Amino acid sequence: MSDCAGRETSFSAPPRRIVTSNAAALELLLRLGAGDQVAGTGFPPGEGALPGALGVRAGDVKVLSRGVIPKEKLLGSGADLYIDSFASMGGMGGAGDAPAAAEFAAAGIKHVYLKSTACAAARKEPLTDLSAVERDITSLGAVTGHRDTAEEIVRGMRTKVAAVRKAVGGVPLRERPSYFFFDYDAGTKQPMAVCDRQVAHAVITLAGGRNVFGDCEGSFKPVGWEDVVAKDPDWIQLGVRNRGSAAADEKAFDEARAWLERNPATKGLRAVKAGRFLRIRSEATTIAGVSNADTVVRIAQRLYPDRLRPDRLRPDRPRPDGPRPDRLRADRPGPDRLRLDRLRPDRPDRPRPVRSREVRRP
């Protein structure tokens, strides 16, 4: 694996004590099946943030900090690998007294990045797909000894995104609804724009939206409310970071919406007047992870309800190509010439006999 400057870190064996900077990196390791190799995390996932057994496993991971892991605690954690999601993200932990490369080396800790998020500001071109996220996943899979699982996860993400692309990919850019990511936790005095190198820009673009600040270069950029008013978005995502429970998250979403509805500068926005808000946590949009593909689906379903009805697009098993599943036998993929209503259950390979009234006598 390499860092944002291209410096490579090599591994002769899978790491045994991994520390993650936040919940997104932790979730990746748990989904890869590397949970037993995790020694601790910062920014832990809140209650209900991860589904089922995944959430239970996350709850068993030692929390080294509710925010950025302090330098002394990280260096003294006994870790042999630290996965960093932040680097260039000053507002999310890149700023502060982070260990230097020599200090990591002295502590026996290898330091790697989720480059799709951490190195966004150094990217040369706009980010319009999830290929960088997929590379992070496959790299972590190889390093931790779970290459096959990583490839399976990537295939699943591609299937979801392909289904959305098929549904909305033909919509011309000028006809796409404009979309503003409102980073409520970055503060309300001056909004923080998502620019074209940030993974959120790719998520919005893949979902068929038009990022209102997609013309700014880099990761994030402070703008003014007058800039947001000038853009007058069709939709606003209430970007709220994990509060520790579903109830706390909902309260924060309510607060973000109420602020937009009360603020004199924003209450007249098209999206605010129409109540077109999306309640999707920031981490699933702005930080690289498996959930990025799910966020693409969630946004697209709101922006294009007629094209992506929930009963026609199953996020877990979308079918971007091929015949309709209700026209195929489950065990016999192929053309739909063998209709189920023409086959007898006890003799599936033979069509029904012709009814007597359909036979013409000479």
Side-chain angles (χ1 to χ4, degrees), residues 1-45 54 57-58 60-65 68-89 92-94 98-120 122-123 130-158 199 287-292:
M1 297 183 72
S2 60
D3 64 13
C4 301
R7 292 182 292 266
E8 294 187 346
T9 300
S10 59
F11 296 82
S12 58
R16 302 178 66 180
R17 289 184 56 80
I18 306 172
V19 169
T20 57
S21 62
N22 68 343
L26 172 61
E27 179 185 358
L28 275 182
L29 291 178
L30 294 177
R31 288 187 181 275
L32 286 170
D36 292 341
Q37 297 161 255
V38 180
T41 190
F43 285 104
L54 208 62
R57 292 296 303 274
D60 293 336
V61 174
K62 183 178 181 180
V63 177
L64 299 179
S65 174
V68 179
I69 303 173
K71 174 180 175 178
E72 295 76 15
K73 184 171 285 190
L74 176 57
L75 293 175
S77 64
D80 55 5
L81 175 63
Y82 175 57
I83 301 176
D84 191 347
S85 301
F86 300 133
S88 64
M89 300 177 64
M92 287 289 288
E103 292 174 306
F104 274 120
I109 303 174
K110 293 186 176 182
H111 181 199
V112 300
Y113 296 90
L114 291 181
K115 293 175 63 177
S116 51
T117 298
C119 308
R123 200 169 284 119
L130 299 182
S131 58
V133 180
E134 294 167 359
R135 286 193 294 271
D136 280 340
I137 294 171
T138 53
S139 294
L140 277 184
V143 164
T144 59
H146 301 277
R147 188 189 300 271
D148 291 346
T149 305
E151 292 174 353
E152 182 180 351
I153 290 172
V154 168
R155 283 195 297 271
M157 293 175 63
R158 288 176 177 172
V199 67
I287 297 179
V290 180
S291 58
N292 294 150

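Here the structure is a predicted model, which is why all the values come from computation and not from measurement.
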Which of Leu114, Ile83, Val112 passes side-chain contact (heavy atoms from CB on, under 4.5 Å) with Asp136? It is Leu114

Residues Pro14 and Gln37: closest non-hydrogen pair is CB-NE2, 4.1 Å

Original post:
Considering residues, nucleotides and ligands other than Lys62, do more than 12 of their heavy atoms fall under 6.0 Å from its NZ?
Top reply: no

In short, Ala25 meets Ser85 closest at the heavy-atom pair CB-OG, 3.9 Å

Q) Does the Asp80 side chain pair with the main chain of Arg16, one donor and one acceptor, at a distance under 3.5 Å? A) yes

- Message: Does Phe104 form a side-chain contact (heavy atoms from CB on, under 4.5 Å) with Leu75? I'd like the steps, not just the answer.
- Response: CA-CA 7 Å; Phe104 274 120; Leu75 293 175; 4.3 Å; yes

Tightest non-hydrogen contact, residues Arg17 and Ser77, listed as NH2-O, 3.0 Å

Output for pair (Ile69 CD1, Thr41 OG1), nearest 0.5 Å, gives 6.0 Å

Fill in: Ile18 side chain near Lys110 side chain, heavy-atom distance below 4.5 Å
no

Residue pairs meeting salt bridge (charged side-chain N to carboxylate O under 4.0 Å, His left out), one or both in residues 21-35, sequence neighbours left out, come to Glu27-Arg31

When every non-hydrogen atom of Ala288 is compared with those of Ala24, the smallest separation belongs to O-CB, 3.8 Å

CZ (Arg147) and CD1 (Ile137) are apart, to the nearest 0.5 Å, by 14.5 Å

For Asp60, the salt bridge (Lys or Arg N to Asp or Glu O under 4.0 Å) test, sequence neighbours excluded, returns none

Exercise. Should Phe43 and Ser21 count as side-chain neighbours, where that means a heavy-atom distance under 4.5 Å?
Worked result: no

Between Pro45 and the options Asn22, Leu26, Leu54, the side-chain contact (heavy atoms from CB on, under 4.5 Å) test singles out Leu26

(message) I want to check something: taking the side chain as every heavy atom from C-beta on, are Leu81 and Thr9 in contact at a cut-off of under 4.5 Å?
(response) no

Output for pair (Leu29 CG, Thr144 OG1), nearest 0.5 Å, gives 6.5 Å

Next on the checklist: For Glu152, is the CD atom crowded, meaning more than 12 foreign heavy atoms sit under 6.0 Å from it?
Outcome noted: no

Can you check whether Val133 reaches Met157 side chain to side chain, under 4.5 Å on heavy atoms? yes

Is Val290 close to Leu28 at the side-chain level, that is, under 4.5 Å between some pair of heavy atoms?
yes

When Arg158, Lys115, Arg155 are each screened for salt bridge (Lys or Arg N to Asp or Glu O under 4.0 Å) with Glu134, the one that passes is Arg158

